[in-house]
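Presented below is the structure to which this report refers.
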Amino acid sequence: MDESAGIRSVQRVVARHRYEILVDCRRAGLAAYRDRGVQRVFFHTEVDDAFAGQGLGAELVQSALADVRGAGKRVVPVCSYVAKFLERHEEFADLADPVTPDVLSWLEDELR
């Protein structure tokens with residue numbers, strides 16, 4: 001089965017604090033976050049091995065960042081994938097706040 005031919009969509013799953021990318025209604029990846037005031041702190045992004053190499057990670061993060069912009073929030077890219085995406089896509093650079101020790105300490109407490 002050619003997974004790349006499937007219908008793709010990205011949705012925010014508020015109760016699970018993440019965005020999910022779906023291919024033919026099957027979760028193919030996720031970008032996990034926590035909200036800290038006006039900041040959305042992204043700390044983990046993954047794409048299932050069965051869907052690797054199809055650009056789903058970039059599609060997921062692009063949609064998530066567009067949603068963050070629409071919500072009037074800022075992005076803190078603790079996740080290295082999100083950080084690299086922001087470096088490569090200047091159209092989202094205005095959303096980024098730095099990763100600080102304060103944010104990392106807060107995130108650690110939040111994830112306990």
Side-chain angles (χ1 to χ4, degrees):
M1 180 173 155
D2 182 7
E3 301 283 6
S4 64
I7 298 171
R8 300 174 178 189
S9 65
V10 174
Q11 63 185 15
R12 181 170 163 228
V13 183
V14 176
R16 302 196 80 182
H17 305 281
R18 66 190 190 192
Y19 291 86
E20 295 181 348
I21 188 161
L22 307 175
V23 177
D24 293 332
C25 299
R26 180 177 162 206
R27 191 184 82 211
L30 63 92
Y33 69 86
R34 289 293 189 276
D35 282 338
R36 181 179 186 249
V38 298
Q39 295 177 318
R40 186 151 290 161
V41 180
F42 285 90
F43 63 90
H44 179 72
T45 302
E46 67 181 54
V47 172
D48 295 345
D49 290 343
F51 296 95
Q54 298 178 32
L56 294 178
E59 188 175 332
L60 170 62
V61 171
Q62 182 172 352
S63 292
L65 295 179
D67 184 65
V68 169
R69 174 172 279 141
K73 290 192 170 281
R74 309 276 305 152
V75 172
V76 182
V78 173
C79 169
S80 62
Y81 187 89
V82 174
K84 288 175 188 169
F85 185 92
L86 285 166
E87 288 174 11
R88 292 187 203 124
H89 294 86
E90 292 183 14
E91 67 270 27
F92 292 108
D94 62 307
L95 296 177
D97 284 346
V99 176
T100 63
D102 184 47
V103 169
L104 293 174
S105 177
W106 170 86
L107 182 61
E108 185 178 318
D109 289 343
E110 188 74 11
L111 296 177
R112 283 191 192 148

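Just so you know, these numbers use all the heavy atoms, side chains as well, and skip hydrogens, waters and symmetry mates. Not measured: the values here are computed from a predicted model.
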Exercise for review: Taking all heavy atoms of L60 and all of A31, pick out the closest pair and write down the distance.
Suggested key: CD2-N, 3.7 Å

Check your understanding: Taking the side chain from Y33 and the backbone from Q39, do they hold a donor-acceptor pair closer than 3.5 Å?
Key -> no

Review point. Do the non-hydrogen side-chain atoms of V78 and L107 ever get within less than 4.5 Å of each other?
Key: yes

Review point. Does the side chain of V23 come within less than 4.5 Å of I7's, by heavy atoms?
Key: no

Check your understanding: In the single-linkage hydrophobic clustering (I, L, V, M, F, W, Y; side-chain heavy atoms under 4.5 Å), do V13 and F42 co-cluster?
Key -> no

Point to revise | Atom pair OG/CD of S80 and E87 - distance to nearest 0.5 Å | key: 10.0 Å

Exercise for review: Using the rule that two of Ile, Leu, Val, Met, Phe, Trp, Tyr join whenever any of their side-chain heavy atoms come within less than 4.5 Å, decide whether F43 and V47 are in one cluster.
Suggested key: no

Exercise for review: Please report the closest heavy-atom contact between W106 and V41, naming both atoms and the distance.
Suggested key: CZ3-CG2, 3.9 Å

Exercise for review: Please assess R40 against L95 for the test side chain to side chain contact (heavy atoms under 4.5 Å, CB included), listing each intermediate value before the final yes or no.
Suggested key: CA-CA 10 Å; R40 186 151 290 161; L95 296 177; over 6 Å; no

Practice item. Give a yes or no on whether a salt bridge exists between D94 and R74, defined as a side-chain N under 4.0 angstrom from a carboxylate O. Key: no

**Study point:** Heavy atoms from other residues, nucleotides or ligands near CG of D49 exceed 12 (cutoff 6.0 Å)
**Key:** no

Check your understanding: Do you know the tightest heavy-atom contact between F85 and A58?
Key -> CE1-O, 3.6 Å

Review point. Could you walk me through whether L104 and V99 pass the side chain to side chain contact (heavy atoms under 4.5 Å, CB included) check?
Key: CA-CA 7 Å; L104 293 174; V99 176; 3.7 Å; yes

Review point. OH of Y19 to CG of L65: how many Å apart, nearest 0.5 Å?
Key: 8.5 Å

Review point. Is a side-chain N or O of S63 found less than 3.5 angstrom from the main chain of E59, in a donor-acceptor match?
Key: yes

Exercise for review: Under the salt bridge (charged side-chain N to carboxylate O under 4.0 Å, His left out) rule, what do D102 and R36 come out as? Steps first, then yes or no, please.
Suggested key: CA-CA 11 Å; D102 184 47; R36 181 179 186 249; 2.5 Å; yes

Review point. Any idea which heavy atoms bring T45 and C79 closest together, and the distance?
Key: OG1-SG, 3.3 Å

Exercise for review: State plainly whether the residues R18 and E20 are in salt-bridge range, i.e. N to O under 4.0 Å.
Suggested key: yes

Practice item. Hey, could you give me the CG/NE2 distance between D35 and H17, rounded to the nearest 0.5 Å? Key: 8.5 Å

Revision key, fill the gap. Taken to the nearest 0.5 Å, the spacing of L30 CG from E46 CD works out to 4.0 Å

Study note, to complete from the structure: Looking only at heavy atoms, the pair that brings P77 and V82 closest together is CB-CG1, 3.9 Å

Practice item. List the steps, then state whether side chain to side chain contact (heavy atoms under 4.5 Å, CB included) holds for F92 with Q62. Key: CA-CA 9 Å; F92 292 108; Q62 182 172 352; 4.0 Å; yes

**Study point:** Side-chain donor or acceptor of K73 paired with backbone N/O of G37 under 3.5 Å
**Key:** yes

Check your understanding: When rounded to the nearest 0.5 angstrom, what is the spacing between CD in E91 and CG in L86?
Key -> 9.5 Å

Review point. Can you list the steps and then say if Y81 with H44 is a side chain to side chain contact (heavy atoms under 4.5 Å, CB included)?
Key: CA-CA 8 Å; Y81 187 89; H44 179 72; over 6 Å; no

Check your understanding: Should the pair D24-R8 be classified as a salt bridge under the 4.0 Å nitrogen-to-oxygen rule?
Key -> no

